[in-house]
Number of protein chains: 4
Amino acid sequence: MPAKRARRPDDRPEEILDAAIDVFLENGFAAARMEEIAKRAGISKGAVYLYFNSKEALLEELVRRSAGRIATAANDFVARSAARDPADTLRQILRFAVRAMLDEKISAAPRIVIAEAPHSPRIAAFYRDEVIRRGSAALTQLIEIGAAQGVFRDVDPRIVLRCVMGPMLASVLLHHVFAAPDMPQPDPETLADEIADFILNGLVPRPEAAS
Amino acid sequence: MPAKRARRPDDRPEEILDAAIDVFLENGFAAARMEEIAKRAGISKGAVYLYFNSKEALLEELVRRSAGRIATAANDFVARSAARDPADTLRQILRFAVRAMLDEKISAAPRIVIAEAPHSPRIAAFYRDEVIRRGSAALTQLIEIGAAQGVFRDVDPRIVLRCVMGPMLASVLLHHVFAAPDMPQPDPETLADEIADFILNGLVPRPEAAS
Amino acid sequence: MPAKRARRPDDRPEEILDAAIDVFLENGFAAARMEEIAKRAGISKGAVYLYFNSKEALLEELVRRSAGRIATAANDFVARSAARDPADTLRQILRFAVRAMLDEKISAAPRIVIAEAPHSPRIAAFYRDEVIRRGSAALTQLIEIGAAQGVFRDVDPRIVLRCVMGPMLASVLLHHVFAAPDMPQPDPETLADEIADFILNGLVPRPEAAS
Amino acid sequence: MPAKRARRPDDRPEEILDAAIDVFLENGFAAARMEEIAKRAGISKGAVYLYFNSKEALLEELVRRSAGRIATAANDFVARSAARDPADTLRQILRFAVRAMLDEKISAAPRIVIAEAPHSPRIAAFYRDEVIRRGSAALTQLIEIGAAQGVFRDVDPRIVLRCVMGPMLASVLLHHVFAAPDMPQPDPETLADEIADFILNGLVPRPEAAS
DNA sequence: GATGAATGAGGTTTCATTCAT
DNA sequence: AATGAATGAAACCTCATTCAT
């Protein structure tokens, strides 16, 4: 019956979402308890509901806020420098993306999505439209530009999408989920560069056509 | 005497696991109900506990059964033909793996693991040891053989692991989770071959060293 | 200076009670939300508590204000004209009461009491003392006067109470709770007169005593 | 985690409904706690849900079981003896109904309905169709028969409905809700007879038309 | 006086697990 | 071996009430 806490700071929602990220990551969506989220945000259980209508709404807002950061960045990179140097553009995108994905906070949303999307059609659809589709568009455009310049092989962009997204995904999992002391992680910068090298190497035209 | 189609008691565990895959996939581990699993296995709720001690045990056994398949196959491929033709060995491994991963039933366990491992250390550890580590070992060995023969570049095997695992992961997600009618999937065979091409292309030495 | 239509601070309680009637009627006491009451009264949630200590207090005041209107009127009618014409007095009382009960606003309190009294002893006791007892007294007196004049049979007043209150209650429920399009309501005036006829008919002495 | 209690007796549902009646009566529907119902039924909270899907379902089944007992009886009485002796048929109906209504257990459902129907359209509709409409039909038929025989006045059946239902309603409330030690109840048999007398008196034709 | 953010007890409902039969 | 009734902990969400502003 009492009401102890001070007035609503404007960044309450932010704080709640931050707390939610942690709890979702630690327990998964279904096992995450609203009370735990509230406690970490420094407020009461009920107060969470002043800002978000349900646990599901919390998750959706979480995804909404983080989604597309990388896709947006990729589009920016392409718009800015793809015409000048497609290969370097890809390298920059990869550096940006790998670095982002290795940051606990930034990779949190994709990881949660991977976990929840299979049985949450709304989340899946939202992520597909906001992230996958836009990222795919950026990549497709980049490939086309590079191919037109003769810098890239003429590969199906869907393959490229899988070969670019994939290593980042794998890195996220190996760093955050399946890490083991005896399997040391490459450091992020090196990882980004080497993945970029690998992919670019796979993308450049072979001088003499294979057999 | 009526030959009532024998009690097939030995297939019980298998049937339960099959049912569990379906239910886990549809609802996620936390939301999966034991009663639903039992119903689909055609037995009673209590009977499940005659074969598996808990819901968690069910998941672990599931992982155990499907997990090593691909890693085992990879090791077999390497042992059998890596010395003779490393590139073709990798191509075969990729074909096998991509095909497997695009099969709903086979990719189910990895997908569930990706969803559950973040908050189920036992699952994570088991998967890491049974799948990641063994797959990594096969790949590392393959790279070493190929590098020694001059067929592959001398790349950090951890990068290769990420670049090989990754596209498959991405494919699984794009096929099973983020599929959309207007984003048609490449057909599995083509996909496997093109990913293999891409990775092999990234793995072969460049004729003239890049400046 | 703009004459903002004065702050009408004195009408506040009235406005709140009016809003409360609506909300209690629509949702029942337990499901009524203070915030909804506040909103309809055009003030904030907290402001309600400046006038009423609790939801229960709101209900009690509501009953207090409306209760006894009819009982008071009945007593007035009796005092004024029972000696002159008992039958007509009863007819007037019934007309007044039926008309009142068919008015949404006036019947609201009794309906709420009927709903809440069974599990709210204070409400029940209050209503019993303020309404039932006083109405009963008026009726008893009226019967006695009428019986002394030979205009009414000598009936147990408790029976009369039930036979007078009852049809009004039934009318309220049939009009406000169990109304159906295919069960058209008699119009209020007719209803009042016919009920009065019926009851008076039941109250007059039979010319020849029934065997 | 344990499971202590014995096998399901066939009358579990009955026991639960009995417990529910008590709790609903004491607290009203909204304030009734499932745990309390379970405790009184001698089972666990969860077990209630093996038999009823929700608290609302419990209420509906309660109403369903009790509803129409009286309406059914009324129809039976009319079918059996209305043609022979309409007045006595009405007297028998009233005796049956009053007796029933004064029984705590039997009047429970109507009282709950009166309390909940105003904000529970399904309950209201169900009760209207199962009880009001059928009771009304019985009464209408009875009046018509009686009027044809010249035993009853030709009164609007809707008035009769209100004048017959009403006194019973009033009796229920006065006996169960607004009872007070200093307002002694007429005993049920007498009450039934006197109400019947009163109503019949109101229903018989006046020998000479009132001026 | 007035506001509305905040609290937190409390209730319904679900479901993994047990065990009498 | 198999059943399925029963348990009870747990968790989401609501809302009357308070109080800092």
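Letters go in sequence order (proteins before strands), and every chain restarts at 1. As a basis for the values below, the full set of heavy atoms in this structure was taken, side chains included, without hydrogen atoms, waters or symmetry mates.
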Below the 4.0 Å mark, does [N] have OP1 or OP2 next to a side-chain nitrogen or oxygen of [X]?
X	N	answer
C:Tyr49	E:dA2	no
C:Arg12	E:dG1	no
D:Tyr51	F:dA5	no

Using whole Å, report how far [atom1] of [X] lies from [atom2] of [N].
X	N	atom1	atom2	result
D:Lys39	E:dG11	NZ	P	12 Å
C:Ile16	E:dT3	CD1	C1'	14 Å
D:Glu36	E:dG10	CD	C1'	15 Å
C:Glu35	E:dT3	CD	C1'	11 Å
D:Asn27	E:dT12	CG	C1'	15 Å
C:Phe29	F:dC15	CZ	P	14 Å
B:Phe24	E:dA16	CZ	C1'	12 Å
B:Met34	F:dG4	CE	P	16 Å

Of D:Gly46 and C:Asn53, the one whose nearest nucleotide on DNA chain F sits closer to the 5' end is D:Gly46
For C:Ala30 and for B:Ser44, find the nucleotide of DNA chain F with the closest heavy atom, then tell me which residue's nucleotide is more 5'.
-> B:Ser44
Side-chain touch B:Val113/B:Phe126, heavy atoms, less than 4.5 angstrom | no
At under 4.0 Å between heavy atoms, what does A:Lys45 touch on the DNA or RNA strands: base, sugar-phosphate, or nothing?
-> base
Determine the contact category for A:Ala32: base if any of its heavy atoms lies under 4.0 Å from a base atom, sugar-phosphate if only primed atoms, P, OP1 or OP2 are that close, otherwise nothing.
-> sugar-phosphate
Heavy atoms from C-beta onward define the side chain here; which of [options] lies closest to that of [X]?
X	options	value
B:Ser54	E:dT17, F:dC13, F:dT7	E:dT17
A:Leu50	E:dA2, E:dT7, F:dA6	E:dT7
C:Ala47	F:dC12, F:dC13, E:dT3	E:dT3

Determine, for C:Arg65 against C:Glu14, whether the closest basic-nitrogen to carboxylate-oxygen distance falls under 4.0 angstrom.
-> yes
Salt-bridge criterion met for A:Glu35 and A:Lys39 (N-O under 4.0 Å) = no
Under 3.5 Å: donor-acceptor pair, side chain of C:Glu116, backbone of C:Phe29 = yes
Distance-minimising heavy-atom pair for A:Ser54 and A:Met34 = C-CE, 4.2 Å
Base-pairing assignment for E:dT21 (Watson-Crick or G-U wobble, both under 3.5 Å) | F:dA2
As its Watson-Crick or G-U partner within any shown strand, both distances under 3.5 Å, E:dC15 has F:dG8
